[in-house]
Amino acid sequence: MKKTGSGKKTEFTTPYTVTNAVLKGNIITKLSMLVMGLGNIAHKQIGKGILFLLIEAAYIWFMIKSGIYNLSMLPSLGWREQEKVWNEAKSIYEYTAGDQSLLLLLYGIATIAVTLAFILVWRGALKSGYKAEVLAKEGKHLNTFYEDIKSLFNQNLYKLLLALPITGVLVFTVLPLVFMISMAFTNYSKLDDHLVLFDWVGFDNFIKILNFGDSIGRQFYSVLGWTLIWAVLATGLNFIFGMILAIVINRKNTKGKAFWRFCFVLSIAVPQFVSLLIMRSMLQTTGIVNTLLLKYGIIDMALPFFSNAMWARATVVIINLWVGIPYTLLQVTGILQNIPGELYEAAKIDGANSVQVFFKITLPYMLFVMTPYMITQFTGNVNNFNVIFLLSGGNPTGVADTAGKTDLLVTWLYKLTIDKNYYNLGAVIGIMTFVVLAIVALVTYRNTASYKDEEGFM
């Protein structure tokens with residue numbers, strides 16, 4: 001803190017910055033840019049200085065051993081092909097050593113990540129050395145290595161607690177995303193066991209996906225359109241029917257409220273994949289539904305639940321209601337029980353009927369509270385892999401098509417990568433899915449009352 005002329009206290013930024021260290025630091029601090037930890041060692045912070053020095057030595061050793069090679073191979077992704085050679089001694093064909101573009105890409109990205117992490121540590125070491133210099137000049141106490149460790153369990157406990165989660169997010173979430181995004185700019189697809197070289201192709205994959213004249217492009221727009229329709233129907237219908245069901249059960253004259261809620265919520269207790277696989281079996285051409293309808297003469301031929309595009313799309317939407325309505329029922333029930341009763345009493349005094357009360361009080365209140373939840377549901381439905389894959393498998397699928405009529409972007413991505421080995425196009429689909437979700441979620445949320453008037457309702 002520092003005082004202004006009026007005597008008021010104001011916050012100031014720390015003077016221990018990299019810029020100040022470079023411009024105002026002494027020769028020892030400036031040499032710390034080359035020899036990490038030198039400034040700390042010079043001011044008797046031996047443990048901290050040695051730790052920084054060991055990190056620098058480890059990074060230099062890593063770069064000499066493999067890091068420099070990894071970065072040098074990243075622009076080309078390799079060029080040495082494996083060759084098939086006959087081994088006389090073993091009487092089999094063997095493959096000579098060659099470059100593997102996938103590993104070169106992975107190692108190159110990992111090396112960049114390690115380098116960025118090292119830069120952060122380097123900045124911290126330089127600022128620490130400068131801080132030691134300033135505190136020594138001012139005659140202030142310099143923490144020992146033991147005191148620094150002890151502070152991690154006291155005033156700097158947040159650093160200790162956040163270190164592992166942040167590292168986990170970076171290693172297991174951010175780096176795989178960067179790797180996947182990088183894959184979208186290569187021609188890595190349809191590779192057999194030994195053709196392991198691929199190249200950078202820039203935005204060619206994006207052009208192919210967005211080109212309506214290309215078969216893949218036409219399928220993309222078809223799948224994108226159905227994905228948005230599915231997400232809107234799945235989210236909207238679940239909300240509407242779940243809301244109606246919750247209101248009916250929550251009425252004062254409804255008897256056995258707990259029993260009715262139990263009946264509908266029971267489906268949540270059954271694992272979703274079990275319910276979906278049972279439904280899929282029941283609705284097959286020779287399943288129990290068609291068998292009974294044919295037996296009693298209600299239909300003349302089996303209903304094409306999954307073999308006709310319109311039937312298949314209607315089927316997955318309807319069955320998704322069975323899976324999703326119980327969750328909405330619980331959400332709406334909690335909201336209904338928290339709407340102030342005074343609002344309903346005031347409406348009755350003013351002569352409002354049930355319809356007016358619903359549209360003026362109940363519905364606005366529920367939308368205000370549930371809009372963020374509905375946006376989350378919309379996002380989940382866009383990526384609802386289970387319902388589509390376990391029910392219809394994305395079928396029916398046209399001849400020579402890679403996407404079926406009920407495929408979502410996420411199930412098509414799975415087929416492109418796992419079944420067809422179009423890893424580059426799968427990466428592009430993943431990026432496009434993120435773009436669609438980000439735009440829809442942000443635009444929708446920023447235009448809702450929950451965002452514009454988050455302080456309250458009414």
Side-chain angles (χ1 to χ4, degrees), residues 16-19 21-22 25-80 82 96-133 142-149 151-152 156 159-160 162-183 186 196-197 200:
Y16 313 121
T17 62
V18 172
T19 302
V22 174
N26 59 23
I27 185 63
I28 297 296
T29 299
K30 291 179 180 178
L31 284 176
S32 297
M33 290 188 291
L34 299 177
V35 183
M36 286 172 53
L38 182 61
N40 298 101
I41 295 174
H43 294 93
K44 300 182 180 180
Q45 290 183 314
I46 307 298
K48 182 185 288 187
I50 291 177
L51 182 60
F52 284 134
L53 189 60
L54 289 176
I55 292 174
E56 182 179 20
Y59 175 73
I60 293 173
W61 175 82
F62 165 74
M63 292 300 293
I64 292 174
K65 185 177 180 182
S66 59
I68 295 175
Y69 174 77
N70 294 339
L71 293 178
S72 67
M73 297 298 289
L74 193 57
S76 65
L77 297 178
W79 59 85
R80 294 176 299 175
Q82 292 179 332
T96 61
D99 293 327
Q100 297 187 39
S101 297
L102 186 65
L103 293 179
L104 292 176
L105 178 59
L106 178 62
Y107 294 156
I109 292 174
T111 302
I112 292 175
V114 170
T115 301
L116 292 176
F118 173 76
I119 291 173
L120 292 177
V121 176
W122 175 84
R123 287 172 57 86
L126 187 57
K127 289 190 289 185
S128 178
Y130 180 62
K131 180 180 180 179
E133 175 194 341
L142 288 175
N143 284 348
T144 63
F145 186 68
Y146 172 76
E147 289 174 331
D148 285 330
I149 296 296
S151 70
L152 292 176
N156 291 323
K159 295 181 180 179
L160 180 64
L162 289 175
L164 186 60
I166 291 176
T167 302
V169 169
L170 292 175
V171 173
F172 298 109
T173 301
V174 176
L175 282 181
L177 283 176
V178 173
F179 180 71
M180 184 272 289
I181 292 172
S182 301
M183 193 75 70
T186 70
V196 292
L197 289 179
W200 296 105

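On a predicted model such as this, the values are computed, not experimentally measured, just so you know. Computed from heavy atoms alone, side chains included, the values below leave out hydrogens, waters and symmetry copies.
Atom-to-atom distance recorded for M183:CE and L105:CG is 5.5 Å, nearest 0.5 angstrom. Here the CD1-CD1 distance, from I60 to I68, works out to 10.0 Å after rounding to the nearest 0.5 Å. Between the CD1 atom of I166 and the OG1 atom of T173 there is a distance of 12.5 Å, given to the nearest 0.5 Å. Atom OG1 of T17 sits about 7.0 Å away from atom OH of Y130, to the nearest 0.5 Å.
Side-chain contact between L104 and L74 is absent, with no heavy-atom pair separated by less than 4.5 Å. In this structure the side chain of S101 never reaches within 4.5 angstrom of the side chain of W200, judged on heavy atoms. You'll find the side chain of W79 reaches within 4.5 Å of the side chain of M73, heavy atoms only. Contact check for F62 versus T111: side-chain heavy atoms found under the 4.5 Å cut-off. Contact of the L51 side chain with the N40 side chain is not registered, since no non-hydrogen atoms from C-beta on lie closer than 4.5 Å. For the pair L102/L106, no side-chain contact is recorded, criterion being any heavy-atom separation below 4.5 Å from C-beta on. Side-chain contact between L71 and M63 is present, with at least one heavy-atom pair separated by less than 4.5 Å. Put simply, the side chain of L142 does not reach to within 4.5 Å of the side chain of K44, judged on heavy atoms.
Remark: the S151 side chain and the D148 side chain contain no N/O donor-acceptor pair separated by less than 3.5 Å.
Listed here is the closest heavy atom pair of G47 and F145: C-CD1, 3.6 Å. For the residue pair I109 and L175, the shortest heavy atom distance occurs at CG2-CD2, 4.2 Å. Across all non-hydrogen atoms, the minimal contact from A21 to L126 is CB-CG, 3.9 Å. For G39 against S32, the heavy-atom pair with the smallest separation is N-OG, 2.9 Å.
Qualifying ring-ring contact (aromatic ring centres under 6.0 Å, His included) partners for F118, counting only residues two or more places apart in sequence or in other chains: Y59. With sequence neighbours left out, K131 forms a side chain to side chain donor-acceptor pair (under 3.5 Å) with no residue at all.
Within 6.0 Å of the CZ atom in F179, the count of heavy atoms belonging to other residues, nucleotides or ligands exceeds 12.
With Q45 contributing its side chain and A132 its backbone, the two residues share no donor-acceptor pair below 3.5 Å.
Among M36, H43, K48, the one residue that satisfies the side-chain contact (heavy atoms from CB on, under 4.5 Å) test with S128 is K48.
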Is there a side chain to side chain contact (heavy atoms under 4.5 Å, CB included) between V169 and V174? Walk through the geometry before answering.
CA-CA 6 Å; V169 169; V174 176; 4.3 Å; yes
After noting the C-alpha distance and the side-chain angles of M33 and V22, does the key distance pass the side chain to side chain contact (heavy atoms under 4.5 Å, CB included) rule?
CA-CA 9 Å; M33 290 188 291; V22 174; 3.7 Å; yes
